Amino acid sequence: MDIRHYTLSLEVDPAAQRISGYTEISFLLLQPAGTILLDLVQQMKVDKITLDGKTLSFSHEKDIISMSSTNSFSAGKHLLKITYSGQPPVAKRAPWDGGFQWEKDSTGNPWIAITCQSEGGKIYFPCKDHPSDEPNDGADLIISVPKGLVVAGPGLLKNVSTKNNLATYHWKTNYTISNYCILFNVGKYKVVRKEYITVNNNRVPMEFYVLEEHAGKAACLLDLMERSARVQEKYFGEYPWVKEKIGIVETPHLGMEHQTMNAYGNKFKYTQVGGKDFDWLLHHEFGHEWWGNKVTNRDWAHMWIQEGICVFGDAMYVREAEGEEAYLERMRRTGRATRNLLPIVQGEVIDAKQTYHPDIYGKGAFFMHSLRYIMGDSIFFPTLKKLATDPKYTYDNTVTTDDVEKLFSGAYGKSLKPVFDLFLRTTEKLEIELKQTDTDKYTIRLANAGMPLPVDISTERGMERLIVDENGLEIISKTLPVIDPKGFYLKRVTIN
Ligand SMILES: [Zn+2]
């Protein structure tokens with residue numbers, strides 16, 4: 001089954017905390033199938049399902065809609081229409097748990113947000129809830145709300161119409177999009193705009209859906225977003241969704257990387273980086289337009305690609321704004337914070353919640369830092385940009401850890417699999433053994449790297465970058481050599 005397109009047509013009733021309407025799913029069956037399954041939480045009540053216009057019988061149990069046919073469904077393109085309604089799950093700790101937030105702004109207007117990064121779109125619309133199958137032809141959201149409220153969604157706003165007491169917003173994205181980004185926000189929003197010119201000279205509107213009461217703060221946030229965009233584009237290539245928009249929407253939760261409509265709830269709390277206002281949350285979530293939305297992992301097992309490289313992008317902002325030393329200090333802090341309780345890549349048999357732990361962020365980023373050192377900037381940075389720009393790895397295509405390893409190994413000219421395995425598939429650190437063999441002689445060896453690696457070694461002669469392997473390298477020094485003083489590796493040095 002290959003999902004091609006979703007259309008969601010829903011009426012939102014803030015007073016009753018209910019939604020009602022339908023979802024249309026266009027999909028291909030690659031071969032005839034006796035049963036079609038879709039995910040939708042149990043608390044949504046399905047009234048009717050049609051396939052290609054004909055009513056289908058179905059069951060809806062344990063969050064799964066099951067439709068069977070005695071003659072089996074034919075291979076080819078189909079259109080399912082599922083009519084349903086109900087009170088969707090409410091998020092208790094958004095964005096860390098998913099669901100709807102039925103909040104109010106300070107003047108009492110409804111302020112509604114949806115998050116479902118780990119729960120998936122199935123919390124409010126029927127879908128195939130797996131990262132490997134994004135709708136290749138995008139999604140339409142036709143959302144009706146009480147008149148006076150504004151709906152912010154992905155892609156382009158095609159139309160706004162009003163009827164009786166309802167306003168209907170039609171948002172359309174033509175890009176492939178993960179199902180946890182197919183959602184909308186509702187509020188008493190004002191739209192503040194600015195034009196952005198990309199690194200490839202394309203004009204893209206920046207649009208900030210900000211609560212009316214905070215409209216005065218929007219211009220500063222858009223300036224800051226522009227600085228973030230410049231850094232992301234420098235390292236990862238042009239903004240991925242130039243035919244649509246750079247969108248931000250103010251939300252009651254902290255934030256989430258929703259494609260072309262980033263959720264922002266950091267309350268305009270800025271820090272100073274390089275003497276200018278910086279919003280870490282905005283920069284990080286915006287980074288997911290490249291890592292997560294454009295480059296998407298094929299399975300939750302490889303989520304470090306989205307989070308780890310995105311956090312590495314956060315450090316790139318520091319490098320651009322404050323220089324290499326500030327970047328190194330930041331990476332050393334990141335390295336110290338790694339926990340090493342579980343491997344980053346644990347295998348594809350586990351679910352989204354099990355795969356999700358803090359090291360996929362910081363240790364994932366630190367791994368990029370180590371690779372940068374091993375490969376050198378002239379190979380590492382173009383390779384990283386290739387991962388974010390080559391059609392093989394982006395948009396309709398998804399990636400695994402092996403894809404990333406093969407790309408970097410190819411660019412390096414020899415296999416980097418041993419370091420990918422060590423840092424991503426185990427909780428071990430790089431074991432470096434330093435042994436004094438004479439008054440001014442030492443042997444240094446890598447015990448578990450599985451391949452020769454460059455290591456900075458500081459002696460009275462200064463710092464040298466030397467290739468060390470498991471057989472050991474002899475060093476002449478009057479003082480105890482210092483290993484990797486700038487901190488490019490997560491390591492354990494034993495001295496004897
Ligand atoms: Zn993130």
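First listed ligand is number 1; within each ligand, the first listed atom is number 1. One-based numbering along the sequence shown. All figures in this text were calculated on a predicted structure; none of them were measured in a lab.
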| query | Taking atom types as modelled and ignoring hydrogens, do the side chains of Glu250 and His214 form a donor-acceptor contact shorter than 3.5 angstrom? | reply | yes

| query | What class does the angle between the rings of Trp290 and Phe236 fall in, given that below 30° is parallel, 30 to 60° is tilted and above 60° is perpendicular? | reply | tilted

| Among the N, O or S atoms that Glu307 has, which is closest to the Zn ion (ligand 1)? | OE1

| What is the NE2(His284)-the Zn ion (ligand 1)-NE2(His288) angle, to the nearest 10 degrees? | 90°

| query | In terms of the angle between their ring planes, are Phe423 and Tyr489 parallel, tilted or perpendicular, with boundaries placed at 30° and 60°? | reply | parallel

| Is the distance from the Zn ion (ligand 1) to some N, O or S atom of Cys310 under 2.8 Å? | no

| Charged tip of Arg330 within 45° of Tyr317 ring normal and under 6.0 Å | no

